[in-house]
Amino acid sequence: MGFFQVISDLMSVEISKAYEPTKVEEKWFSKWISAKAFHADPSSDKEDYGIVIPPPNVTGVLTLGHVLNNSIQDILARRARSKGKEVLWLPGTDHAGIATQSKVERHLRETEGKGRRDIGREAFLERAWEWKEKHGGIIIKQLQKLGCSCDWGRERFTMDEEYSLEVQKCFVHFFNSGKIYRGKRMVNWCPSSLTALSDEEVIMKPQKSKLFYMRYEIVGREGEYLEIATTRPETLMGDSAVAVNPKDERYAGLIGERALRPFPEAEIPIIADEHIDPEFGTGVLKVTPAHDKADFEIGIKNDLEIIDVLNADGTLNELAGEEFSGMDRFEARDHVAAKLDDMGLLVRVEDYENNVGFSERADVPVEPRISMQWFLKYPKVEESIAAVSDHNIQFRPERWAKTYSHWMQNIQDWCISRQLWWGHRIPVWYRKDRAEELQSAESLDKETAGDALHVGVNPPQDVENWIQDDDVLDTWFSSWLWPFATMDDPTRQKFYPTADLVTGPDIIFFWVARMIMAGYEFTDDKPFSNVFFTSIIRDKKGRKMSKSLGNSPDPLDLIAKYGADALRFSIMRIAPSGTDVRFIENKNKDEADGNDYPQVEEGRNFANKLWNAARFRQMQGSNDEVKKLPGFEKLSIYDIDILSKLDSLNEELSESYSSYKFQEIANKLYDFFWSEFCDWYLESIKLSLRDDADQERRKIVLTVFDTILSGYLMQLHPYMPHITEELWEKLGFGNDGELLMQRILPKEKILSGYDKNLVQEASNKTSAIHEATTKARHIKAQYNLAANRNVKFLLQTQSNWVQGELEVLKLLCGAGEIVIDNSYEPSPGTPTFLTQIGKMFMPLEGLVDIEAEKTRINKEIQKVEKDLKQTVGKLSNPKFTERAPQEVVQENLDRKDSMKKKLEQLQEMLQNLS
RNA sequence: GCGCGGGUAGCUCAGCGGUAGAGCAACUGGUUUACACCCAGUCGGUCGGCGGUUCGAUCCCGUCCCCGCGCACCA
């Protein structure tokens with residue numbers, strides 16, 4: 001679109017009365033795409049700015065958390081562009097092993113009534129890929145609706161061919177360096193997903209449980225029993241010992257004896273172990289090495305039998321005895337207790353609250369289970385700890401650094417294998433003739449493997465003689481490579497390490513810490529310089545938003561109702577840095593209109609305000625002749641004031657951006673535009689814009705208006721990209737169809753060439769006019785004349801400049817007339833008030849309510865007296881005058897003087913009334 | 001148990017040593033040639049409790065009470 005086209009549009013296409021976001025937002029997204037405005041050029045000379053998206057689950061849908069997170073990233077990216085940087089915002093998704101696999105499995109069961117094993121691995125993976133193709137694009141489209149300026153051509157997926165290769169390389173690398181090993185260990189087992197989990201995927205939840213007190217007879221001492229307290233009687237069939245503390249005198253004589261496990265009946269040793277707390281329960285522990293981590297260790301130490309009584313799915317097996325075989329673990333709990341009771345071995349049952357580990361994804365209690373798994377010894381731990389504590393990588397808010405360092409210092413080997421099919425298959429092959437032996441080996445690593453094991457990104461040449469490991473890798477074992485495995489060489493050279501990472505604190509261990517370690521291991525560099533942790537969005541009642549609670553509104557509905565810009569802006573305005581936010585949803589009686597979101601209404605209202613200010617500007621017509629601001633003397637005090645406020649805004653925003661204070665930025669943008677620009681400036685220039693106004697002055701005002709509006713649109717753009725772009729075009733601010741998002745912020749201040757003192761003076765005068773306006777409006781309202789625009793004011797003033805501002809003042813306070821009359825003598829009861837420009841009167845011939853005026857003045861006197869007393873009190877304290885800083889003392893002295901003067905005048909006014 | 005964050009107007013949040021702020025809600029007026037998704041005005045707070053430091057504390061320190069989160073964990 002050419003320049004003339006823009007101008008003619010400006011003249012011909014009227015801006016609608018209310019802002020309608022939907023079309024505008026769609027239009028601009030496609031314009032940006034076709035202008036390649038999001039494209040990152042690795043060969044650019046500009047300074048680089050890189051950011052990788054935290055990849056959402058490929059089959060997921062957008063949540064408010066994503067809205068917050070990605071709005072922040074978009075703001076950072078757009079801001080960086082406006083600072084003249086070459087920006088790469090790299091998008092993509094991850095394959096979300098467990099989540100996706102269970103979705104596909106559920107679908108398979110619902111549509112075909114089959115499990116994954118019924119159709120086999122290959123067929124299942126085909127279905128999974130189909131599912132991914134079908135649902136994988138949804139969240140990407142949703143991010144685009146938000147206006148995210150990712151370089152969409154670079155979209156990556158953790159199971160892309162190239163990316164998968166990187167994951168395999170990573171595995172091979174660690175295997176070869178001895179950091180990866182396979183071993184039989186006690187792991188967290190999810191009986192629902194039928195896979196091992198890492199420690200991080202287990203969530204401890206307090207549970208209302210029962211503590212069962214039961215007794216085991218001591219062998220050879222008929223009638224003598226050991227009383228044992230347990231929360232899990234259903235595992236007693238796996239008991240292989242009973243343990244007491246060696247220092248516990250109550251049981252000292254029993255160590256070395258045997259106890260009788262009731263069923264399946266067996267004699268098991270009574271052993272001593274330091275680990276037993278004599279204070280807990282009866283001080284006697286049943287030792288079940290196969291089903292408890294601590295018991296497992298006691299078992300190893302004491303060479304106890306390991307009896308696994310559970311199946312993978314959490315049912316009991318034949319070792320538990322025929323009657324329990326196949327029974328669910330929780331059902332079995334009651335049955336075992338009942339059986340003990342029948343045998344007279346159940347002493348009592350108490351209510352008891354304990355913490356139970358739940359599977360993060362499946363939300364079922366996790367089983368400690370001994371199984372064969374692959375583990376990784378974390379690399380570069382020390383270096384990664386140092387990077388954060390040295391601020392080489394800066395966490396914001398900083399306090400998360402402590403959480404990070406605590407976790408890093410207590411880090412355990414990472415269980416990286418998952419018994420799933422959807423994911424990166426472990427690149428390990430066992431030679432057929434020795435497969436069984438190797439797969440059941442207690443431990444397996446680079447040293448012990450020999451040539452019967454093939455570990456490599458490519459299968460062995462004679463693959464028919466080999467068997468590949470069945471397991472896949474933890475999804476996080478692929479996403480920890482995200483910041484660099486997504487980039488080709490030129491891209492990596494230009495944009496790596498990336499500048500910022502924006503994510504939630506809930507994945508600080510899962511992802512952030514691991515990316516740092518992977519960065520140092522594979523690139524010898526940090527993956528990013530700053531990590532910004534966002535708020536967590538909660539509902540009205542403070543609960544985390546989740547699908548199962550159904551308390552998370554669909555952002556797409558919000559976008560449809562209020563617009564993407566409004567949603568972005570609103571969420572940035574309410575999200576504090578460093579703590580959680582409550583998102584309010586009010587039920588709307590009018591079903592058709594959906595629910596109300598008062599916080600998002602604010603954003604919509606703000607967009608509408610902006611829209612209408614631009615509409616007002618458009619109604620004034622184009623202003624081609626005057627493009628540059630004139631000299632000081634041609635500008636009004638209001639012009640100077642608003643220009644100087646925009647300069648300050650720009651400066652303050654830079655500061656806020658540098659400390660990542662996104663909420664503060666939103667508030668400053670809001671206040672400047674609504675309060676300063678619309679409420680004051682725009683109202684003060686309406687006189688100059690009238691048709692009968694001085695034409696030169698009119699043009700200057702329009703120039704100022706355009707300077708402010710265009711400068712402001714540039715600043716607002718990262719928060720509200722669509723509407724700003726639309727208005728930029730509609731008002732013809734871009735040269736030759738230039739996009740706002742490609743505009744670079746000017747380095748120079750608007751008023752840099754003007755005399756600072758004169759600017760300050762103009763601002764002071766402006767604020768004096770504003771103050772007088774506020775007081776005049778106030779007094780009108782008190783006399784129920786708020787809407788009356790014919791009120792007359794009289795003014796006594798010593799300031800000559802005020803004369804020139806009377807017309808504007810008249811307009812601002814809605815007066816019919818304001819006259820300067822220094823010899824005016826008000827009749828008793830005339831409402832009078834003191835302002836920075838002088839004493840003002842509102843004569844109301846015949847309408848004066850003397851009592852009301854007395855009350856009003858008395859009220860003010862009381863207020864001033866109170867303040868004065870406080871100030872005088874302060875000043876009469878020698879400690880204050882001696883120790884407080886000089887300027888604070890001076891401030892109070894000035895305050896005292898002006899209040900005294902004011903008090904005198906008020907008292908005089910009061911006297912005049914009687 | 002250890003650690004972190006929060007408790008400011010009815011609600012959502014700012015402020016974090018120098019006389020308490022915004023938006024929404026409520027109330028009173030108002031269609032004045034951008035906007036009722038609006039304008040003008042009003043009401044509303046011993047800044048969680050108690051101590052301390054300071055000339056001065058919502059802000060710093062101690063302590064306690066609530067709310068949220070992380071880590072650890074005794075069956």
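Just so it is clear: chains get the letters A, B, ... in the order the sequence lines come, proteins before strands, and each one is counted from 1. Computation of the quantities below employed the complete heavy-atom set of this structure, encompassing side-chain atoms and omitting hydrogens, waters and symmetry-equivalent molecules. None of the values given here were measured: they were computed from a predicted structure.
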Whole-Å distance separating the [atom1] atom of [X] from the [atom2] atom of [N]:
X         : N       : atom1 : atom2 : answer
Asn612(A) : rA36(B) : CG    : P     : 7 Å
Asn354(A) : rA72(B) : CG    : C1'   : 15 Å
Ile665(A) : rA22(B) : CD1   : C1'   : 17 Å
Ile507(A) : rC69(B) : CD1   : P     : 18 Å
Lys686(A) : rU32(B) : NZ    : C1'   : 8 Å
Arg573(A) : rA14(B) : CZ    : P     : 12 Å
Ile271(A) : rA75(B) : CD1   : P     : 18 Å
Met842(A) : rG41(B) : CE    : P     : 14 Å

Is [X] close enough to [N] that one of its side-chain N or O atoms is under 4.0 Å from OP1 or OP2 there?
X         : N       : answer
Tyr352(A) : rA75(B) : yes
Gln663(A) : rA14(B) : yes
Arg538(A) : rG68(B) : no
Trp674(A) : rC39(B) : yes
Lys609(A) : rC39(B) : yes
Asn605(A) : rC38(B) : yes
His406(A) : rC2(B)  : no

Candidate nucleotides [options], ranked by approach to the side chain of [X] - the nearest:
X         : options                   : result
Glu602(A) : rG23(B), rG41(B), rC73(B) : rG23(B)
Phe616(A) : rG41(B), rA34(B), rG68(B) : rA34(B)
Arg582(A) : rU12(B), rC35(B), rC74(B) : rU12(B)
Lys17(A)  : rG18(B), rG70(B), rC35(B) : rC35(B)

Please check if the side chain of [X] supplies one atom and the backbone of [Y] the other of a donor-acceptor pair under 3.5 Å.
X         : Y         : result
Ser570(A) : Gln599(A) : yes
Arg573(A) : Ala666(A) : no
His291(A) : Val309(A) : yes

* To do: Please test Glu865(A) against Lys869(A) for salt bridge (charged side-chain N to carboxylate O under 4.0 Å, His left out), starting from the C-alpha separation and ending with a verdict.
  => CA-CA 6 Å; Glu865(A) 273 177 339; Lys869(A) 203 178 150 192; over 6 Å; no
Take atom [atom1] in [N] and the same atom in [M], then report the distance between them in whole Å.
N       : M       : atom1 : value
rC73(B) : rC67(B) : P     : 25 Å
rG49(B) : rU8(B)  : P     : 10 Å
rC65(B) : rA26(B) : P     : 39 Å
rA14(B) : rG23(B) : C1'   : 11 Å
rG18(B) : rG45(B) : P     : 23 Å
rU46(B) : rG41(B) : P     : 25 Å

Any donor-acceptor pair, under 3.5 Å, between the side chain of [X] and the base of [N], if you only look at N and O atoms?
X         : N       : answer
Lys402(A) : rC4(B)  : no
Gln620(A) : rA34(B) : no
Asn608(A) : rC35(B) : no
Arg399(A) : rC4(B)  : no

* Asked: How do Glu664(A) and Ser675(A) order along RNA chain B: which one's closest nucleotide is nearer the 5' end?
  -> Glu664(A)
* Want to settle it: does Phe606(A) or Phe583(A) sit nearer the 5' end of RNA chain B, counting the closest nucleotide to each? -> Phe583(A)
* Asked: If you draw the axis of the six-membered ring of Tyr562(A), does the NZ or CZ of Arg604(A) fall within 45° of it and under 6.0 Å from the ring centre?
  -> no
* Asked: Stem ranges for RNA chain B, with three or more consecutive Watson-Crick or G-U pairs under 3.5 Å?
  -> B:1-7 with B:65-71, B:10-13 with B:21-24, B:26-30 with B:38-42, B:48-52 with B:60-64
* Nearest non-hydrogen partners of Ala614(A) and Leu709(A), listed with the distance -> CA-CD2, 4.3 Å
